Amino acid sequence: MPSDQLLSRLTEIVGAKGVIGDREAMQPYMDSWRDNWRGQARAVVRPASTAETAAVVKLCVETRTPIVPQGGRTGVTGASQPHDDGSEIVVSLERMKTIRAIDVENDTMTVDAGCILADVRQAAKDVGRLFPLSFGSVGSCLVGGNISTNAGGINVVRYGNTRALVSGLEVVLPDGDIWDGLRGLRKDNAGYDLKQIFIGAEGTLGIITGAVLRLFPRPVAELTAFFAVPSPAAAVAWLTRIKGAFAEQLTSFELIQRRCVEVTVQHIPGTSNPLSGDSPWYVLLEVSSQLTGSHLQDVLEAAFEQGLAAEEVSDGILASSSQQAEALWHMRESIPEAHKAEGRSFKHDISVPISKVPEFLARAEAGLEGAFPGCRMFTFGHLGDGNLHFNPLAPPGAGDPGDLQRVNRIVHDLVTALGGSISAEHGVGRLRSEELAHYKSPIEMKLMRTLKQTFDPLNLFNPGKIFPAG
Ligand SMILES: Cc1cc2nc3c(=O)[nH]c(=O)nc-3n(C[C@H](O)[C@H](O)[C@H](O)COP(=O)(O)OP(=O)(O)OC[C@H]3O[C@@H](n4cnc5c(N)ncnc54)[C@H](O)[C@@H]3O)c2cc1C
C-alpha cells in the first residue's frame, strides 16, 4: 500500500496526533540512546489504547507492513530502531501511561506498558510499597521495554530480573488479537505459563500493552557502602562473606574498575571518588531490611573487620545519609554516560558463574591486550549476578566492525568455555543476532525459530532482531 494511503488509514485508527509521517519529526524515534543505531520508517504510530494498538496491527497484517515495537529507546542493542530501508512502522507505546490499578493487599499493580519505570516506582512508593526494578535509565525507559528485554539492573541479587516481577500480561498478538493475561496470581498452574514467552522476546512476538507487576514491602533500613578491593578474586571472596552475613538482605553488589570511576569523575559533574588511595577495583553494595530492629550496621562493621583481615577489602566508607548514598549511586549509574563520552569501545554484556569471574577477567584482558595493544579495559557490572559490562575502550585506529568481530570471538569463546552467556541482561537485538546464531546450540535455535514461526508466521514483528536478517 502506498505510504500516503497507509498514513491515512493509520490516522483513521489513532487520530492525527497518534501518527507522525514527517521525516524530521520522526527523527527522535529513529535514534538510540547511544546514537549508534538509527534507521528509517514509513511512520511512527502512537496508539492511546490497547484497542487502537490491535487495530494498527490488523492493518499491518492486511498490508504486510513490518512493525518495530518501541518503548523509551534506551535499549543498547539496536532492537527498537527500524532498519535503513524505511519499510517498517514504529509503534511507540509512549502515550499509554496509565496506572490502571493498585491492589495493596495483593501486592500488585496493573499498568499500561507505556508507563515510565520511575513513575511506576513512585506510584508504588505512594502506597507504601516497593517496585524494585531500577537502573540508570529509570527516568526514560518504559515498562513494556523493560519486560521485552527482561531487564536486570542493580537489585536483581535480591528481587530477580523483570521476569520475576511480572505476574500477568496483556499482549496484542501478531494477528491483531488481544490476549488478556492480566492475572495477579501467586499460583497458576493452569497450562503453559504463556506470559514467559513474551518476557524478553524483544518485540518479536507481539506488542505488550499492559502488565500486572509485583510489589514488595518497603525496606525500613538501608545501608549503602563503597569498598576498595584489591582484585576481582578478592571481590568475589568479599561477596561470599557478605552473602553469608546478610543472606537475602543483600540488595545490590556492584563491581567497578578504577578507570570507570576516574572517567566518570572526569566527565560527569557532581560525581567523585569517596575513597583516596589507588585501589584497582571497587565494590558498591547495598543491604536493606524490611524488619524493624535489624542491626545492619553492626553486621556490616563486623564483616568489614573480617574482610580487612582476609585482605578482601582494603578500605571502605559507609554512606552516613541518604544524600551520600544517592551520590554513590549517581556515580555508579553515570558510568555508561561517561563511557559514551570516551569514544569507541567494544561492548559486551556477559555473565559467567560468579566463581569464574576472576578467571574470565584475567583471560579476557590478556587476550585483548595481545590482539589490540593499547586497549584500555573498562569493566563494571552486577557482580552479585555474575554479570559484567566488559567494555574495553578501542585503541586509536581500532573499533571498526572487523575489529569488533575479532574481539567478540576472544570474549564470547571464553564466556562459552566458562559456561556463561553472551547476553546477560541487555538482550540480543541487532548487535548480537549473529553472535547468538553462532553460539546457541542448533536445537535451541530451532526451538526459538519454531516459536517465532508459530506466533508470527508473516515475520512482521521486529524482523532482523534476535534472529539475523535474511
Ligand atoms: C544509562 C543506561 C543504563 C542502563 N542500565 C541497564 C541495567 O542496569 N540493566 C538492564 O537490563 N538494562 C539497562 N539498560 C538498558 C535499557 O535501559 C533496558 O534494556 C530497558 O529495559 C529498555 O527499555 P525501553 O523502554 O527503553 O525499551 P526500548 O529500547 O524502546 O526497546 C527495547 C526492546 O523492547 C521492545 N519493546 C519495547 N516496548 C515494547 C512493547 N510494549 N511490546 C513489545 N516489545 C517492546 C523493542 O522492540 C526492543 O526490542 C541501560 C540503559 C541505559 C541508557
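Each ligand, and each atom within it, is numbered from 1 in the order the structure gives. Note that the coordinates shown come from a computational prediction; the quantities given were computed from them, not determined experimentally. Heavy-atom basis, side chains included; hydrogens, waters and symmetry copies ignored.
Checked against a 3.5 angstrom limit, the closest N/O atoms of P336 and ligand 1 fall outside it. For a threshold of 3.5 Å applied to N or O pairs, the pair formed by N462 and ligand 1 contains at least one separation below that value. At least one N or O atom of L142, backbone or side chain, sits closer than 3.5 Å to an N or O atom of ligand 1. Ligand 1 has an N or O atom lying under 3.5 Å from an N or O atom of G72, backbone or side chain. For ligand 1, the polar-atom distance check finds no N/O of E333 at less than 3.5 Å from any of the ligand's N/O atoms. Residue V68 places no N or O, backbone or side chain, under 3.5 Å from any N or O of ligand 1.
The structure places OG of S423 at 10.5 Å from CD1 of I350, a figure rounded to the nearest 0.5 Å. Rounding to the nearest 0.5 Å gives a distance of 10.0 Å between OG of S140 and CG of L117. Summarising the geometry, atom OG belonging to S134 is positioned 4.0 Å from atom CZ belonging to R121; distances are rounded to the nearest 0.5 Å.
Ligand-side atoms of ligand 1 in range of L93: 41 (N), range being under 4.0 angstrom from any heavy atom. The distance from ligand 1 to the heavy atoms of G206 drops below 4.0 Å at these ligand atoms: 43 (C). Each of the atoms 7 (C), 8 (O), 9 (N) of ligand 1 lies under 4.0 Å from some heavy atom of G153. For ligand 1, the atoms lying closer than 4.0 Å to a non-hydrogen atom of G203 are 43 (C), 44 (N). Interface of H382 with ligand 1, defined as ligand atoms under 4.0 Å from a residue heavy atom, comprises 8 (O). Of all atoms in ligand 1, listed by their number and element, those nearer than 4.0 Å to a heavy atom of N146 are 20 (C), 21 (O), 23 (O). Those atoms of ligand 1 that come under 4.0 Å of a heavy atom in H426, given as number and element, are 10 (C), 12 (N), 13 (C). Of all atoms in ligand 1, numbered sequentially from 1 with element shown, those under 4.0 Å from a heavy atom of A151 are 11 (O), 21 (O).
Salt bridge E342/R376: present, at least one basic N to carboxylate O contact under 4.0 Å. A salt bridge does not link E248 to R158: none of the charged side-chain nitrogens sits closer than 4.0 Å to a carboxylate oxygen. Contact check on D188 versus R183 returns a salt bridge, with a Lys/Arg side-chain nitrogen under 4.0 Å from an Asp/Glu carboxylate oxygen. By the 4.0 Å N-to-carboxylate-O rule, K347 lies too far from D349 to be salt-bridged with it. Taking the charged nitrogens against the carboxylate oxygens, K58 and D177 do have a contact shorter than 4.0 Å, which makes a salt bridge. Of the charged side-chain nitrogens involved, none lies within less than 4.0 Å of a carboxylate oxygen, so that E202 and K465 do not count as a salt-bridged pair.
Aromatic pair F226/Y282: centroids less than 6.0 angstrom apart. Taking the ring centroids of H389 and H339, they lie at or beyond the 6.0 Å cut-off. Note: F455 and F198 meet the aromatic proximity criterion, with ring centroids under 6.0 Å apart.
Residue contacts with ligand 1 do not include E337, since none of its heavy atoms lies under 4.0 Å from the ligand. Residue contact annotation: G429 has no non-hydrogen atom under 4.0 Å from ligand 1.
If you check which protein heavy atom lies closest to atom 41 (N) of ligand 1, you get I208 O, 2.9 Å. Closest to atom 44 (N) of ligand 1 among all protein heavy atoms lies S148 OG, 2.9 Å. At the shortest separation from atom 27 (O) of ligand 1 among protein heavy atoms lies G145 CA, 3.5 Å. The nearest protein atom to atom 53 (C) of ligand 1, hydrogens excluded, is given as W33 CD2, 3.2 Å; this is a heavy-atom distance. Nearest to atom 19 (O) of ligand 1 among the protein's heavy atoms is T149 OG1, 3.5 Å. For atom 51 (C) of ligand 1, the closest non-hydrogen atom of the protein is T74 O, 3.5 Å. The nearest heavy-atom contact from the protein to atom 29 (O) of ligand 1 is G75 N, 2.8 Å. When hydrogens are left out, the protein atom nearest atom 11 (O) of ligand 1 is G152 N, 2.9 Å; that is the closest non-hydrogen contact.
Environment of NZ in K340: crowded, with over 12 heavy atoms of neighbouring residues, nucleotides or ligands closer than 6.0 Å.
Partner of D112 under the salt bridge (Lys or Arg N to Asp or Glu O under 4.0 Å) criterion, out of R100, R95, K97: R100 alone.
Of the options K465, Q70, E425, R430, the smallest heavy-atom separation from atom 10 (C) of ligand 1 is shown by E425. Counting only non-hydrogen atoms, the option in S140, G78, P69, S32 that gets closest to atom 47 (O) of ligand 1 is P69. Ranked by closest heavy atom to atom 23 (O) of ligand 1, the top entry among C141, S92, G139, A113 is C141.
Cation-pi contact between R129 and F216: absent, since separation from the ring centre below 6.0 Å together with deviation from the ring axis within 45° is not met.
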Under the criterion ring-ring contact (aromatic ring centres under 6.0 Å, His included), I'd like the reasoning laid out for F360 against F390: C-alpha separation, chi angles, the key distance, then a yes or no. CA-CA 10 Å; F360 166 76; F390 182 75; 5.3 Å; yes

